[in-house]
There are 2 protein chains.
Amino acid sequence: MPKLSNTFNPEFWINHKNEKINPNISVDSVVFGFDLKELKVLLVDRILFTPDNEHIIFQDQSLPGNHCRDDENTDQAVRRILKELTGLTDVHLEQFAAFGDLDRLKKERDQIWLKAIGKDPDVRVLTVAYYALVAVDKIYIDQDAWKSLPGWYGKKPRWYGIHDLPDLAFDHKEIIFAAFDFLKEKVVTQPIIFKLLPGKFTLSQLQKIYEVVLDTRLDKRNFRKKITNANFIIPLKQKQVGVSHKPAQLYRFDQKKFDKRAKNLFNLCRF
Amino acid sequence: MPKLSNTFNPEFWINHKNEKINPNISVDSVVFGFDLKELKVLLVDRILFTPDNEHIIFQDQSLPGNHCRDDENTDQAVRRILKELTGLTDVHLEQFAAFGDLDRLKKERDQIWLKAIGKDPDVRVLTVAYYALVAVDKIYIDQDAWKSLPGWYGKKPRWYGIHDLPDLAFDHKEIIFAAFDFLKEKVVTQPIIFKLLPGKFTLSQLQKIYEVVLDTRLDKRNFRKKITNANFIIPLKQKQVGVSHKPAQLYRFDQKKFDKRAKNLFNLCRF
DNA sequence: TCAAAAGTGTTAACGATACACCCATGA
DNA sequence: TCATGGGTGTATCGTTAACACTTTTGA
């Protein structure tokens with residue numbers, strides 16, 4: 001049920017919790033998850049009811065995001081809001097871009113939505129976008145957190161395949177693709193891919209996530225040769241259990257060993 | 001001479017040109033230039049005079065930046081402001097981060113400054129930071145543009161070595177180092193280094209800029225072997241003139257040929 | 001003729017590519 | 001016993017690393 005609890009005020013807004021929120025600055029997070037098959041993005045529902053709450057005017061999805069409070073920086077805001085909307089905590093979150101086009105809230109549906117929830121549809125909102133990486137063993141989000149959301153986020157957050165996204169609010173599809181592009185580049189220079197995997201992973205899982213993110217196919221034997229030459233990917237004394245095939249060796253990523261490894265960056269240049 | 005021409009207003013500000021500017025959103029640009037020896041950053045002076053304009057209270061430097069107008073997006077704002085403050089146009093500009101910490105304007109000197117120019121020192125300002133890359137043949141900026149600046153930017157913009165920065169306003173030193181870190185990573189996955197060189201360059205110049213940006217030393221013969229194997233760096237039928245040593249062959253970068261070249265991204269992973 | 005930077009080649013080690021079959025487990 | 005994904009080796013080729021001297025120009 002959408003409770004229209006935001007009060008519009010030309011200078012600043014007071015939200016339903018009586019907190020001063022900044023009208024010009026919001027945060028949005030693109031949460032990536034990997035279910036061992038494909039890359040997923042976490043979205044929340046946006047449902048607009050008729051004033052009598054009897055009928056749905058429209059329903060679509062949006063990134064988890066909201067305005068910043070004026071007593072928190074954007075890093076704090078994005079963590080707070082992500083927790084409020086999805087229950088996720090302790091994820092790898094990193095700012096990757098700001099979106100501030102003048103028409104980003106101007107689609108007809110978005111204008112209707114903004115008016116309905118009591119916001120000034122003409123106020124300019126610049127959003128600082130973050131990406132988050134969630135390990136496969138955390139991909140089932142807190143089942144209850146979303147129930148305590150402000151009324152206008154009335155639905156459970158859900159995962160969507162990156163190549164199978166629904167209609168999205170505002171410029172959120174653009175933000176997701178920008179995040180995906182950023183991720184592809186980031187993966188080349190930083191060992192962040194491991195944050196999409198559980199602490200213990202198999203080499204096939206590692207290969208698959210590289211294939212999914214870089215949109216490529218890799219040769220199994222060559223992949224394993226390269227990986228096992230790297231001394232920061234460490235075989236554990238454990239194997240998979242409960243799989244109906246030969247159980248795989250488990251490995252972990254060692255950040256300290258990775259940091260020590262010196263490499264000539266120039267040779268990585270494409271250029 | 002600092003003319004205190006901004007009018008404070010709790011909802012929005014009107015600047016000296018009677019434009020509505022957004023109190024919460026600013027842009028700053030870190031302009032990198034390469035003078036064939038070291039990497040430089042373009043800074044403008046910030047000078048605070050006593051009310052009688054007789055004495056200087058303090059003088060330091062800042063990045064070229066200012067608040068956004070509400071009728072332009074940040075990409076437009078940063079181009080406009082960079083032109084207004086330094087005369088630079090047609091440079092490669094790319095957003096790389098937003099800085100929104102609550103204390104970023106709270107240093108004593110910055111508070112004094114904000115009050116002196118008529119801005120509310122308590123208003124929160126989130127700045128969207130851009131980096132720009134300027135070719136060596138453009139490094140001598142427009143000699144006159146700065147003369148038409150708003151009064152409170154009363155001095156000519158100047159280049160400073162990245163390892164030899166003066167005291168800077170606000171969090172601008174942090175922004176510069178973040179831009180430098182970003183540049184180092186970007187250079188690995190994108191061919192942007194050429195934007196720091198003139199259209200026609202020598203291989204020694206190309207080697208030097210890689211060494212400066214990646215903070216490394218490269219072997220001349222190995223470097224040239226790698227470069228001349230790349231078919232998108234093309235020798236011209238021209239040589240340097242007017243140098244008091246053997247004149248070097250000139251080359252150019254071919255973006256189209258670069259784009260065609262397919263490469264397995266995974267092999268670039270560190271991982 | 002000097003100073004300054006340009007330009008050049010070989011060898012050894014390493015990393016990338018291509019490619020096909022047997023193994024261990026749970027159902 | 002079958003289906004499923006796990007796990008392995010070799011040969012060829014291309015790239016990187018290490019290393020020192022000659023050339024061309026203007027001053």
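Being a predicted model, the structure only gives us computed values, none of them experimental. Proteins get letters first, then strands, A, B, ... in listed order; numbering begins at 1 in each.
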For [X], give me all partners under side chain to side chain contact (heavy atoms under 4.5 Å, CB included), at least two apart in sequence or on another chain.
X	answer
Val91(A)	Leu82(A), Leu88(A), Leu93(A), Ala132(A), Val134(A)
Lys246(B)	none
Gln76(A)	Glu72(A), Asn73(A)

Results of salt bridge (Lys or Arg N to Asp or Glu O under 4.0 Å) for [X] - residues two or more places apart only:
X	answer
Arg221(B)	none
Glu211(A)	Arg217(A)
Lys40(B)	Asp35(B), Glu38(B)

* Does anything in residues 248-257 of chain A reach DNA chain D, meaning a heavy atom under 4.0 Å, and if so which residues? -> Ala248(A), Gln249(A)
* Asked: Going through the distances and angles, do Ile209(B) and Leu36(B) end up as a side-chain contact (heavy atoms from CB on, under 4.5 Å)?
  -> CA-CA 7 Å; Ile209(B) 184 63; Leu36(B) 304 183; over 6 Å; no
* Output yes when at least one side-chain N/O atom of Arg224(A) is less than 4.0 Å from OP1 or OP2 of dG7(D), else no. => yes
Nucleotides 10-15 of chain D: which of its N/O atoms have a protein N/O under 3.5 Å away?
unit_1: dT10(D); atom_1: O4; unit_2: Lys225(A); atom_2: NZ; d: 2.7

* **Polar side chain donor-acceptor pair, Tyr130(A) to Glu94(A), under 3.5 angstrom** => no
* Asked: Taking the six-membered ring of Phe182(A), is the NZ or CZ of Lys184(A) close enough (under 6.0 Å from the centre) and on axis enough (within 45°)?
  -> no
* Asked: If you find the nucleotide of DNA chain C closest to Asp219(B) and the one closest to Gln205(B), which residue's nucleotide is nearer the 5' end?
  -> Gln205(B)
* **Contact interval (first through last nucleotide) of DNA chain C with protein chain A, 4.0 Å heavy-atom** => dA16(C) to dG26(C)
* To do: For a side-chain contact (heavy atoms from CB on, under 4.5 Å) with Leu197(A), tell me which candidate from Tyr251(A), Phe34(A), Phe253(A) qualifies.
  => Phe34(A)
* Can you label the angle between the Tyr210(A) ring and the Phe266(B) ring as parallel, tilted or perpendicular, going by 30° and 60°? => perpendicular
Side-chain atoms of residues 231-245 of chain B: list all donor-acceptor pairs with protein atoms under 3.5 Å, sequence neighbours left out, distances to 0.1 Å.
unit_1: Gln238(B); atom_1: OE1; unit_2: Lys200(B); atom_2: NZ; d: 3.4
unit_1: Gln240(B); atom_1: OE1; unit_2: Ala248(B); atom_2: N; d: 3.1

* Asked: For residues 170-183 of chain B, which residue pairs qualify under salt bridge (charged side-chain N to carboxylate O under 4.0 Å, His left out), counting only residues two or more places apart or in two chains?
  -> Arg104(B)-Asp171(B)
* To do: Quick one, give me the B/S/- string for nucleotides 20-27 of chain D, reading 5' to 3', where B means a protein heavy atom under 4.0 Å from the base and S means that only happens at the primed atoms, P, OP1 or OP2.
  => B--BBBSS
